[in-house]
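Here is the structure we will look at, set down as structure tokens.
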Amino acid sequence: MATASASSVTAWASVTTLPTIKPATGYFIKGKITNTSGTPLNSVLVWAMGGAGTAAEDPGTWTDALGNYTIGPVPLNNTYKIEANPTYSSDPSLQQGWYLNSLPNNFTTAESSALTISMTGDKTGVNMRLPKGASISGTVKVTGGSACNGCFVEALNLTGSVVAYASTSSLGAYTL
């Protein structure tokens, strides 16, 4: 990067040795994210939540066009719970949730029910089938009964976290 205050540097000797660069070592978590019909989902954010206090704390990635993802490398003996967030996917109406090794969907909306994965080697087949979410719709009116155009509507879970949001139409209509 050049700036007006940059100093010049003269190299007096050639570099004869370079540092050894070692690729990161560790293990990988691999799987596939689909809807309940088995259609692969592109651009689902997949997190491995865990690994507290390590360089591999909460690593994540996106699914590819075939719904595949690979997280890692993560170190041996770290533990993780896998979360899938379809907000930016090819079908954002699906539920966000956690990996649970229980057919048919291997899915739960409760982190407390999610399977904890201990990294004792590569973990493959960590697949989830995301179900559709419910929807809430209605109309927002201001005092006097006229429609509230562009009003922001949020749905909160029981802990107060936003789980869905929308802006109202010119008629005050919204769907979460």
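To the nearest 0.5 Å, atom CZ of residue Phe107 and atom CD1 of residue Ile82 are 14.0 Å apart. Atom CE of residue Met128 and atom CG of residue Leu41 lie 10.5 Å apart, to the nearest 0.5 angstrom. Atom CG of residue Leu176 and atom OG of residue Ser93 lie 13.0 Å apart, to the nearest 0.5 angstrom. Interatomic distance, CH2 of Trp47 versus OH of Tyr80, reported as 12.0 Å (0.5 Å rounding). Taken from OG1 in Thr79 to CG in Asn77, the straight-line distance is 9.5 Å, to the nearest 0.5 Å. One distance of note links CD1 of Ile33 with CG of Asn42; it measures 12.0 Å at 0.5 Å rounding.
For the side chain to side chain contact (heavy atoms under 4.5 Å, CB included) test with Tyr69, the passing option among Asp64, Val44, Ile29 is Ile29; the others fail.
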- [ ] With side chain to side chain contact (heavy atoms under 4.5 Å, CB included) as the test, would you mind laying out the steps for Phe28 and Val74 before giving the verdict?
- [x] CA-CA 6 Å; Phe28 294 87; Val74 295; over 6 Å; no
- [ ] Mind running side chain to side chain contact (heavy atoms under 4.5 Å, CB included) on Leu45 and Thr87 for me, showing each step along the way?
- [x] CA-CA 8 Å; Leu45 181 56; Thr87 302; over 6 Å; no
Task: Asn101 and Leu115: CA distance, side-chain angles, deciding distance, side chain to side chain contact (heavy atoms under 4.5 Å, CB included) verdict - done: CA-CA 7 Å; Asn101 190 14; Leu115 178 70; 3.9 Å; yes
Open item on the list: One pair to check against side chain to side chain contact (heavy atoms under 4.5 Å, CB included): Val46 and Glu83. What are the steps and the verdict?
Closed with: CA-CA 6 Å; Val46 183; Glu83 180 183 20; over 6 Å; no
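Side chain of Asp58 to backbone of Gly50: a donor-acceptor contact under 3.5 angstrom is found. Between the Lys81 side chain and the Ala48 main chain, no donor and acceptor come within less than 3.5 Å of each other. A donor-acceptor pair is defined here as one N or O able to donate and one able to accept, closer than 3.5 Å; no such pair exists between the side chain of Thr108 and the backbone of Ala114. Judged purely by atom type and a 3.5 angstrom limit, Ser169 uses its side chain to pair as donor or acceptor with the backbone of Ala173. Although no hydrogens or angles enter the test, the distance criterion places no donor-acceptor pair under 3.5 Å between the side chain of Thr109 and the main chain of Gly97.
For Phe152 and Tyr165, the gap between ring centers is short of 6.0 Å.
By the 4.5 Å heavy-atom criterion applied to side chains, Tyr27 and Leu76 are counted as neighbours. Annotation: side chain of Ile71 is in contact with side chain of Thr61 (closest heavy-atom distance under 4.5 Å). A 4.5 Å side-chain heavy-atom check between Cys148 and Lys141 finds every atom pair outside the cut-off. Considering only heavy atoms from C-beta on, Leu94 comes within 4.5 Å of Asn35 through its side chain. At a threshold of 4.5 Å between non-hydrogen side-chain atoms, the residues Leu156 and Val162 count as touching. A heavy-atom distance below 4.5 Å is found between the side chains of Lys32 and Asn68.
Judged purely by distance below 3.5 Å, without hydrogens or angles, the side chains of Asp91 and Ser89 never pair a donor atom with an acceptor atom. Thr70 and Lys30 share no donor-acceptor pair across their side chains, judged by distance under 3.5 Å alone.
Sorted by first and then second residue, the side chain to side chain donor-acceptor pair (under 3.5 Å) pairs with a member in residues 116-128 read Thr120-Lys123; sequence neighbours excluded.
Scanning all heavy atoms of the two residues, the minimum distance from Ala56 to Pro75 falls at CB-CD, 3.4 Å. Residue Pro40 comes nearest to Ser90 through the heavy atom pair O-OG, 4.4 Å, listed as atom of the first residue, atom of the second, then distance. Heavy-atom minimum distance, Ser170 versus Ala147: O-CB, 3.7 Å. Contact detail for Tyr174 and Thr139: the closest heavy-atom pair is CE2-N, 3.7 Å.
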